[in-house]
Each structure stands twice: as structure tokens, then as C-alpha cells.
Amino acid sequence: AIKADAPEAHKKFAGWVIVSGEGEIADPTAAETTFIVGAQDTVIRAEYEDVLYTLTVENGTGSGEYLFNAEASISATIPEGYVFTGWVTEGEVEIADATKAETTATVKGNAKVTATFAEKEYTLDIINGSSGSDKDTYKKGEQVAIKADAPEAHKKFAGWVIVSGDGEIVDPTAAETTFIVGTQDTV
């Protein structure tokens, strides 16, 4: 009976090889097997290979099999209307910069990294008016009550206009109305 030594860290048993001489290895792929001696002296060797670790990238690219300590390039796939917020890790992996959508992951074992996102928010600047909110940013589709400032003496409210950006003013002729946030910062 022959038995391979325990592999070094990050290696695995690959098989038996007859280096010189003759004989028969019952199962050359098994770490423990039998050797049938031939008619001459024989040298056999257990061979080892590097372990490949699986890196799974959720919500991005870079998944694959990597050697220990390999640097894998990872990139978040950011859905429309969202912003990248960071990487979350499970398993044996180190992220170079978890705040960047494109970075590297050093593989230390089987691992999963997940790109996380938050819905984009947009600013709404109201000139000659205000909102009933203390917020500075809003999500697409959010409805914001807006109210025009009291007009100066001898003037009357003429209406709301979007200076830049997008969204929808529900009733542009009403001094108090609702603005529906679009997909750009709006003035």
C-alpha cells in the first residue's frame, strides 16, 4: 500500500507517477492505493497541483477560478437609476477598495463578492418658492409639494417653469402644486 503525504497549503494531490523502473499502480488518481512491484527497482512519486478557488461576483463581472493570492479584476454592473454603494464579501477574499465600482479582489479561498446599489437621488432647487420638505434630494417619481413665495407689491404669480433638468409640474399655473421628480437635478 502507498499513501501520498498531505499536500502543502493551497495544493492538492494530482496523482502518482512511475519515475523509473516498473510496476503497476492500482489507482494512480487515489492518494491511498496499492502498488504491484515489477521485476526491477522502482521509484514512484506523488504529484501535487495548485488548488483553484472559485470567486463568484454578484451584480458584476469577474467571476472565475483563481489561484491562491491571485488578483481578480471585478466590476459592478450598475443598473439604470442607481448608484454603486460598495462591495460586500463572503468567504476568503480581500477587496482593494470596496468603495470603487471597478477594483481588484485578492482571492484567499472560495468567496463571493456582491456589488450593492442605492436608488439615485436628485436635487431640486426652487427659485422664488419652497417645498414643505427639509430634504435636499429626492428619488425619481417622488412627489414634492412646492409653494411660490408671496409676490412683490403690484405683481402676481405667473407660473412655474423648469429652468434646467427634468420632472413634471402637475399644475404650472397654481402657486401651490406638486412637482414629480425626474431623472436629473432640477432648478
With distance as the sole test, does Ser63 use its side chain to make a donor-acceptor pair with the main-chain N or O of Val57 at under 3.5 Å?
yes
How are the rings of Phe68 and His10 set to each other: parallel, tilted or perpendicular (split at 30° and 60°)?
parallel
Gln184 versus Asp166, closest heavy-atom pair with distance
N-OD1, 3.1 Å
Ile162 versus Gly167, closest heavy-atom pair with distance
CD1-O, 3.6 Å
Looking only at the side chains, is there a donor atom on one of Thr123 and Thr137 sitting less than 3.5 Å from an acceptor on the other?
no
Intermediate values then yes/no, side-chain contact (heavy atoms from CB on, under 4.5 Å), Val88 and Val113:
CA-CA 6 Å; Val88 176; Val113 295; over 6 Å; no
Atom pair CD (Glu168) and CD (Gln143), whose distance is rounded to the nearest 0.5 Å:
9.0 Å
Is the backbone N or O of Tyr53 less than 3.5 Å from a side-chain atom of Asn110, with the two atoms forming a donor-acceptor pair by type?
no
Say you draw a straight line from CD1 of Ile126 to NZ of Lys147; how long is it, rounded to the nearest 0.5 Å?
12.0 Å
Where Leu55 and Gly62 come nearest, the two heavy atoms and their spacing:
CD2-O, 4.0 Å
Partner of Leu124 under side chain to side chain contact (heavy atoms under 4.5 Å, CB included), picked from Val187, Thr186, Asp136, is Thr186
Using modelled atom types only, decide if a donor and an acceptor are shared between the side chain of Thr33 and the backbone of Asp27 within a distance under 3.5 Å.
yes
When you look at NZ of Lys135, are more than 12 heavy atoms from neighbouring residues, nucleotides or ligands closer to it than 6.0 Å?
yes
Side-chain donor/acceptor of Asp50 to backbone N/O of Leu67, under 3.5 Å
no
Is any side-chain heavy atom of Tyr138 closer than 4.5 Å to one of Ser133?
yes
Would you say the side chain of Pro7 lies within less than 4.5 Å of the side chain of Tyr48, judging by non-hydrogen atoms?
yes
With side-chain hydrogen bond (donor to acceptor under 3.5 Å, both in side chains) as the criterion, how do Thr116 and Thr85 come out once you've worked through the C-alpha distance, each side chain's angles and the decisive distance to 0.1 Å?
CA-CA 5 Å; Thr116 58; Thr85 57; 2.7 Å; yes
Measure from the side-chain N and O atoms of Glu22 to the backbone N and O of Ala39, and report whether any donor-acceptor pair falls under 3.5 Å.
yes
Ala115 and Asn59: which non-hydrogen atoms are nearest, and at how many Å?
O-ND2, 3.0 Å
Mind running side-chain contact (heavy atoms from CB on, under 4.5 Å) on Ile44 and Ile2 for me, showing each step along the way?
CA-CA 10 Å; Ile44 58 174; Ile2 54 175; 3.7 Å; yes
Tell me, do Trp160 and Thr173 make a side-chain contact under 4.5 Å, heavy atoms counted?
no
Any heavy-atom pair between the side chains of Lys139 and Lys120 that's under 4.5 Å?
no
Please answer: with hydrophobic residues joined when any side-chain heavy atoms are less than 4.5 Å apart, are Phe84 and Val93 in the same cluster?
yes
Evaluation steps, salt bridge (Lys or Arg N to Asp or Glu O under 4.0 Å), between Lys140 and Glu142:
CA-CA 6 Å; Lys140 177 185 174 193; Glu142 195 168 346; over 6 Å; no
If we only count heavy atoms from C-beta on, is the Phe179 to Val170 side-chain gap below 4.5 Å?
no
Ile95 side chain near Thr89 side chain, heavy-atom distance below 4.5 Å:
yes
Show your reasoning for whether side-chain contact (heavy atoms from CB on, under 4.5 Å) applies to Val181 and Val144.
CA-CA 8 Å; Val181 178; Val144 182; 4.0 Å; yes
Atom CD of Gln40 with >12 non-hydrogen neighbours under 6.0 angstrom:
yes
Rounded distance (nearest 0.5 Å) linking atom CD1 of Ile146 with atom OG of Ser130:
9.5 Å
Do the side-chain N and O atoms of Glu58 and Thr114 include a donor-acceptor pair separated by under 3.5 angstrom?
no
So Thr99 and Trp87, do their side chains get closer than 4.5 Å, heavy atoms only?
no
Check for a donor-acceptor pair, side chain of Asp97 on one end and backbone N or O of Thr103 on the other, with a separation under 3.5 Å.
no
Tell me whether the count of non-hydrogen atoms from other residues, nucleotides or ligands lying under 6.0 Å of NZ in Lys108 goes above 12.
yes
Heavy-atom closest pair (Ala31 atom, Phe13 atom, distance to 0.1 Å) is N-CE2, 3.5 Å
If you measure from OG on Ser131 to CG on Asp125, what distance do you get to the nearest 0.5 Å?
10.5 Å
